[in-house]
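These notes concern the structure reproduced below.
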Amino acid sequence: MIYLDNSATTRPHKEVLDTYIKVSYDFFGNPSSLHTLGMEAEGLLTKARTAIASQLQVGAKEILFTSGGTEGNNLAIKGTASHKKSKGRHLITTEVEHASSYETYKELEQAGFEVTYLKVDSDGRISLEELEQSIRKETILVSIIHVNNETGTIQPIEKIGRLLSKYPQVRFHVDDVQGITKVPLNIKKAKIDLLTASAHKFHGVRGSGLLYVRDGVRLKPQIHGGVQEMQMRSGTEHVAGAVAMAKALRIEMEKAKEGRADLVKLHSKLIHTLPKIEGVTMNSPLNGVAHHIINFSVDSIKPEVLIQSLAQKKIYVSTKSACSSKLAEPSRVLLSMGKDNHAASSAIRVSLSYETTEQEIQFFIQELKKIIPTLLGVKK
């Protein structure tokens with residue numbers, strides 16, 4: 001099996017699963033319970049929070065556990081909008097956000113908020129000048145994805161943070177679901193107020209995520225019923241998921257020290273080889289991108305046909321974001337970058353991990369060179 005759909009989800013590390021099972025079985029107490037089992041579970045939760053905070057170089061009390069990226073984005077955006085609406089109802093985001101952010105902003109528009117959707121250039125990157133021109137006295141939130149989940153385009157988060165530091169009334173939220181462990185980002189240096197991450201994108205288990213909430217930033221809770229997670233997210237804590245996430249984050253941060261150089265090599269091989277295959281057009285830009293995501297289109301071939309043809313060879317890739325891959329419409333992200341309707345409707349996403357090997361990429365390319373001409377021949 002050659003798995004090249006790591007931006008959709010990653011296979012959990014065995015040691016992460018071992019930790020998850022052990023904590024689930026041996027420390028099953030409710031962290032809110034006052035007896036010994038409850039206190040032991042609470043102690044593990046605290047250790048996990050501290051360990052994650054240490055990896056991200058932030059304070060332990062700034063880490064809030066969630067169920068994943070979608071909940072984290074919803075809480076950051078809706079929670080800020082609801083808490084600060086008396087100060088203003090203008091929000092700023094981009095045309096290329098993940099659906100969990102983009103659709104949240106669409107909902108907020110229905111609730112009476114005004115949203116500015118920043119355009120992007122042909123590389124999928126926003127203009128800092130346009131961002132600053134969009135800020136008003138009633139602007140309360142700017143939300144920007146760090147690494148685009150379809151193309152790998154990196155937004156200039158640190159520059160945005162410095163710009164927004166001139167506007168203290170504006171909160172800065174970053175969706176770092178695709179960037180964490182792959183693309184370095186210093187949260188404090190970038191002056192980020194809120195940052196979303198999801199464990200299953202870095203070999204943790206599904207149903208676990210985190211939201212960094214800078215000390216002093218307040219959110220209106222979106223889930224009610226308890227006082228868990230600093231009274232910002234009610235519900236019995238997923239202790240095993242949090243502990244497993246802490247382990248996965250530590251493992252991946254360690255692998256990143258040498259693994260990033262390997263990803264650069266694999267990315268280079270793909271972006272220089274794929275365009276030489278008949279019918280292939282690259283959608284991801286060459287520069288300013290994360291090296292684990294490559295997006296391309298193939299002329300006259302439906303993406304689902306190519307995906308299934310590769311799957312028959314036990315090679316697994318995807319189209320668009322996993323959250324919207326079953327929808328028939330063209331990629332909103334690629335259309336925003338100026339790609340035509342055909343390219344936006346036929347995109348294939350290849351996403352790597354630190355476990356991807358050069359041999360796997362070579363085999364993928366070889367099979368692609370066989371499959372595409374065959375499918376084009378059938379079309380003719």
Side-chain angles (χ1 to χ4, degrees), residues 1-11 69 95-100 102 120 122-124 145-155 175 177-179 182-183 198 200-202 263 266-275 277 279-286 288-299 301-311 313-337 339-356 360-361 363-365 367-368 371-372 375:
M1 178 184 75
I2 298 178
Y3 184 71
L4 301 175
D5 195 18
N6 290 278
S7 287
T9 195
T10 54
R11 172 189 273 176
E95 293 183 343
V96 295
E97 297 300 301
H98 184 270
S100 61
Y102 189 80
V120 296
S122 59
D123 285 345
I145 193 169
H146 179 206
V147 173
N148 187 269
N149 51 294
E150 293 189 33
T151 65
T153 297
I154 299 172
Q155 299 293 348
D175 175 352
V177 168
Q178 294 294 344
K182 298 295 194 304
V183 180
S198 185
H200 78 104
K201 304 296 187 179
F202 51 87
L263 282 184
L266 297 180
H267 178 267
S268 178
K269 187 174 186 65
L270 283 165
I271 64 171
H272 287 101
T273 304
L274 288 173
I277 301 175
V280 171
T281 302
M282 296 299 296
N283 295 321
S284 292
L286 295 177
V289 293
H291 295 105
H292 64 293
I293 300 175
I294 300 95
N295 191 299
F296 63 94
S297 295
V298 182
D299 295 339
I301 298 177
K302 292 182 178 180
E304 58 268 26
V305 173
L306 182 55
I307 287 171
Q308 292 306 321
S309 296
L310 287 166
K313 301 290 185 178
K314 296 187 183 299
I315 301 172
Y316 303 101
V317 299
S318 67
T319 174
K320 298 195 291 185
S321 164
C323 295
S324 56
S325 61
K326 293 182 180 180
L327 300 178
E329 65 262 22
S331 163
R332 166 175 50 83
V333 170
L334 294 181
L335 289 175
S336 297
M337 293 168 61
K339 303 296 181 181
D340 61 31
N341 193 71
H342 175 73
S345 300
S346 60
I348 298 291
R349 181 183 67 180
V350 174
S351 47
L352 320 177
S353 77
Y354 293 131
E355 296 183 339
T356 306
E360 288 176 333
I361 295 302
F363 185 75
F364 163 65
I365 292 171
E367 291 303 313
L368 206 58
I371 291 171
I372 290 177
L375 292 177

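Small disclaimer: the values here were computed from a predicted structure and weren't measured. What you see below is based on every heavy atom in this structure, not just the backbone, and it leaves out hydrogens, waters and symmetry mates.
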[X] side chain to [Y] main-chain N or O, any donor-acceptor pair under 3.5 Å?
X      : Y      : result
Thr281 : Ser297 : no
Glu150 : Thr319 : no
His267 : Leu263 : no
Asp175 : His98  : no
Ser351 : Ile293 : no
Thr10  : His200 : yes
Lys201 : Ser7   : yes
Ser284 : Thr151 : yes
Tyr3   : Asp5   : yes

From [atom1] ([X]) to [atom2] ([Y]), nearest 0.5 Å:
X      : Y      : atom1 : atom2 : value
Leu375 : Ile301 : CG    : CD1   : 4.5 Å
Leu352 : His291 : CG    : NE2   : 10.5 Å
Ile348 : Glu304 : CD1   : CD    : 8.5 Å
His292 : Lys182 : NE2   : NZ    : 5.5 Å
Ser336 : Glu97  : OG    : CD    : 10.5 Å
Asn283 : Ser122 : CG    : OG    : 11.5 Å

Hey, mind stepping through Asp123 and Met337 against side-chain contact (heavy atoms from CB on, under 4.5 Å) and telling me if it holds? CA-CA 6 Å; Asp123 285 345; Met337 293 168 61; 5.6 Å; no

Test side-chain contact (heavy atoms from CB on, under 4.5 Å) on Val289 and Asn148; report intermediate values, then the result. CA-CA 9 Å; Val289 293; Asn148 187 269; over 6 Å; no

Nearest atoms (heavy-atom pairs only) where [X] meets [Y]:
X      : Y      : value
Glu360 : Thr356 : OE1-CA, 3.4 Å
Lys313 : Phe363 : O-CE2, 4.4 Å
Gly69  : Ser100 : O-OG, 4.3 Å
Ile361 : Lys269 : CG2-CD, 4.2 Å
Pro275 : Met282 : CG-CG, 3.5 Å
Ala343 : Leu334 : O-CD1, 3.9 Å

Does [X] reach the side chain of [Y], with side-chain heavy atoms less than 4.5 Å apart?
X      : Y      : result
Ile154 : His146 : yes
Lys339 : Val333 : no
Leu310 : Leu4   : no
Asn6   : Tyr354 : no

Is there a side-chain contact (heavy atoms from CB on, under 4.5 Å) between His342 and Asp299? Walk through the geometry before answering. CA-CA 8 Å; His342 175 73; Asp299 295 339; 3.9 Å; yes

Is there a side-chain contact (heavy atoms from CB on, under 4.5 Å) between Leu368 and Ile315? Walk through the geometry before answering. CA-CA 10 Å; Leu368 206 58; Ile315 301 172; over 6 Å; no

Should the ring pair Phe364 and Phe296 be called parallel, tilted or perpendicular, given that the plane angle runs from 0 to 90° and is split at 30 and 60?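 Tilted, since the angle between the ring planes falls between 30° and 60°.
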
